[in-house]
Amino acid sequence: MVVNLHNWNLTPEEAARIQTELRSRLVFKWNEQPVRTIGGVDISIKTETARAAIVVISYPELNPVEVVVADAPLVFPYIPGLLAFREGPAVLAAWTELQNKPDLLMFDGQGIAHPRGIGIASQMGLWLERPTIGVAKSRLYGRHEEVGPERGDRADLTDNKGNIIGIVLRTREKTNPLYVSPGHLIDVERATQFVLTSLAGFRLPEPTRWAHKVAGGEKLPNQDTGQPRLF
């Protein structure tokens with residue numbers, strides 16, 4: 001169910017080189033496949049352990065389907081731009097426990113809006129062979145104009161050459177915008193539309209909103225302590 005792209009015991013220099021090599025494998029074309037479920041992925045860090053939460057919801061109903069949490073030891077330091085090497089093992093551990101593999105994944109992190117064009121959403125998309133979207137709360141890389149104040153207002157996020165690498169999207173009035181970028185097997189516009197249609201009145205789309213809560217120790221409504229949990 002996964003493609004083994006590299007080992008995880010790497011130096012930062014080796015990790016950056018691997019990202020540069022993997023960048024050419026990314027595909028930014030949507031194949032119009034039906035999407036019935038979306039998985040949200042978020043990771044929390046505690047001492048020397050990464051905890052990954054994957055919350056699968058139905059689409060477009062946005063009802064919870066399954067939640068899985070898995071821990072993995074940290075084997076890589078915190079270095080902006082290389083988070084996939086720090087958090088990836090925990091994501092893979094959670095993925096192997098997941099019974100309902102989603103049609104699409106949203107990551108709390110960057111897609112191609114990244115200095116080397118391959119953030120955690122992109123890199124894990126290659127590992128999992130699933131369409132992925134980066135839904136970041138802050139900018140890591142790129143330039144953009146001011147975003148309007150209304151829900152749905154947006155601005156192009158561009159790289160240093162002027163290429164569009166994502167959308168800065170206002171998802172709720174009086175809140176900071178999100179930085180949406182394609183990860184793998186999806187384009188900018190379709191990634192943006194999936195985020196917009198996964199909103200339920202909050203700043204974050206429902207998949208990553210719930211994944212963030214679960215990774216931090218909260219429970220979904222009616223969730224017990226068993227893993228995995230089907231609703």
Side-chain angles (χ1 to χ4, degrees), residues 5-26 28 40-54 71-94 105-128 132-144 147 155-169 171 175-184 186 188 191 195 203-205 207-209 211-212 215-216:
L5 297 174
H6 54 77
N7 64 52
W8 300 101
N9 187 18
L10 302 165
T11 66
E13 294 75 19
E14 290 170 333
R17 185 167 61 250
I18 285 173
Q19 280 189 332
T20 301
E21 293 169 355
L22 292 177
R23 176 63 174 79
S24 63
R25 301 191 192 185
L26 296 174
F28 307 117
V41 185
D42 197 5
I43 297 92
S44 63
I45 304 296
K46 186 175 181 181
T47 60
E48 297 301 315
T49 301
R51 169 163 291 181
I54 302 179
D71 295 342
L74 292 173
V75 297
F76 196 86
Y78 172 76
I79 301 174
L82 295 175
L83 293 186
F85 296 94
R86 182 173 172 85
E87 302 174 352
V91 174
L92 295 178
L105 286 161
M106 293 183 184
F107 281 76
D108 185 344
Q110 307 291 345
I112 62 169
H114 178 279
R116 283 175 294 279
I118 180 167
I120 187 170
S122 299
Q123 194 162 334
M124 298 314 297
L126 289 170
W127 273 88
L128 303 176
T132 56
I133 301 170
V135 185
K137 302 184 190 76
S138 60
R139 182 182 66 88
L140 176 65
Y141 174 76
R143 304 171 180 175
H144 64 90
V147 181
D156 291 342
L157 183 65
T158 60
D159 64 15
N160 292 335
K161 296 181 179 179
N163 300 309
I164 296 175
I165 56 174
I167 295 292
V168 189
L169 180 67
T171 53
T175 64
N176 291 330
L178 298 178
Y179 291 78
V180 179
S181 59
H184 180 45
I186 197 167
V188 170
V195 171
R203 181 192 178 206
L204 297 179
T208 56
R209 186 174 79 88
H212 179 74

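Minimum heavy-atom separation, A155 to V147: CB-CG2, 3.9 Å. Annotation for H114 and G111: closest pair CB-O, 3.9 Å, computed over non-hydrogen atoms. A72 and P89 make their closest contact through CB-C, 3.9 Å (heavy atoms, listed as atom of the first residue, atom of the second, distance).
Looking only at side-chain heavy atoms (C-beta outward), T158 and I165 stay at 4.5 Å or farther from each other. Residues I167 and L157 are not in side-chain contact: their nearest non-hydrogen atoms beyond the backbone lie 4.5 Å or more apart. For the pair D156 and H144, the minimum side-chain heavy-atom distance is 4.5 Å or more. Looking at heavy atoms from C-beta onward, K137 lies out of side-chain contact with N176 at the 4.5 angstrom threshold. At least one side-chain heavy atom of L22 sits under 4.5 Å from a side-chain heavy atom of Q123. Taking the side chain as every heavy atom from C-beta outward, I186 and I133 approach each other to under 4.5 Å. Under the 4.5 Å side-chain criterion, counting only non-hydrogen atoms from C-beta, M106 is in contact with P205. Side-chain atoms of L204 and T171, non-hydrogen and from C-beta on, never get closer than 4.5 Å to each other.
Under the 3.5 Å distance criterion, the side-chain polar atoms of T20 are matched with a main-chain donor or acceptor of A16. Checked by atom type and distance alone, the side chain of E14 pairs as donor or acceptor with a backbone atom of T11 at under 3.5 Å. Without hydrogens or angle criteria, Q19 side chain to G81 main chain gives a donor-acceptor distance under 3.5 Å. Judged by distance alone, the side chain of S122 and the main-chain N or O of G183 form a donor-acceptor pair under 3.5 Å. With hydrogens and angles disregarded, a donor-acceptor distance shorter than 3.5 Å links the side chain of R139 to the backbone of G142.
When the options T132, V135, L83, T208 are evaluated for a side-chain contact (heavy atoms from CB on, under 4.5 Å) with F107, the one that passes is T132.
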How far apart are the C-alpha atoms of V195 and L169, what are their side-chain angles, what is the distance that settles it, and do they pass the side chain to side chain contact (heavy atoms under 4.5 Å, CB included) test? CA-CA 9 Å; V195 171; L169 180 67; 4.0 Å; yes
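In this structure, the ring-ring contact (aromatic ring centres under 6.0 Å, His included) partners of F85, at least two apart in sequence or on a different chain, are H6, F76. For Y141, there are no ring-ring contact (aromatic ring centres under 6.0 Å, His included) partners two or more places apart in sequence or in a different chain.
Residue N7 qualifies as enclosed at atom CG: its count of foreign heavy atoms under 6.0 Å is above 12.
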Only pairs under 3.5 Å count here: list side-chain donor-acceptor contacts from residues 43-54, not counting sequence neighbours, and write none if there are none.
from : atom 1 : to   : atom 2 : distance (Å)
S44  : OG     : A215 : O      : 2.7
R51  : NE     : D71  : OD1    : 2.7
R51  : NH2    : D71  : OD2    : 2.9

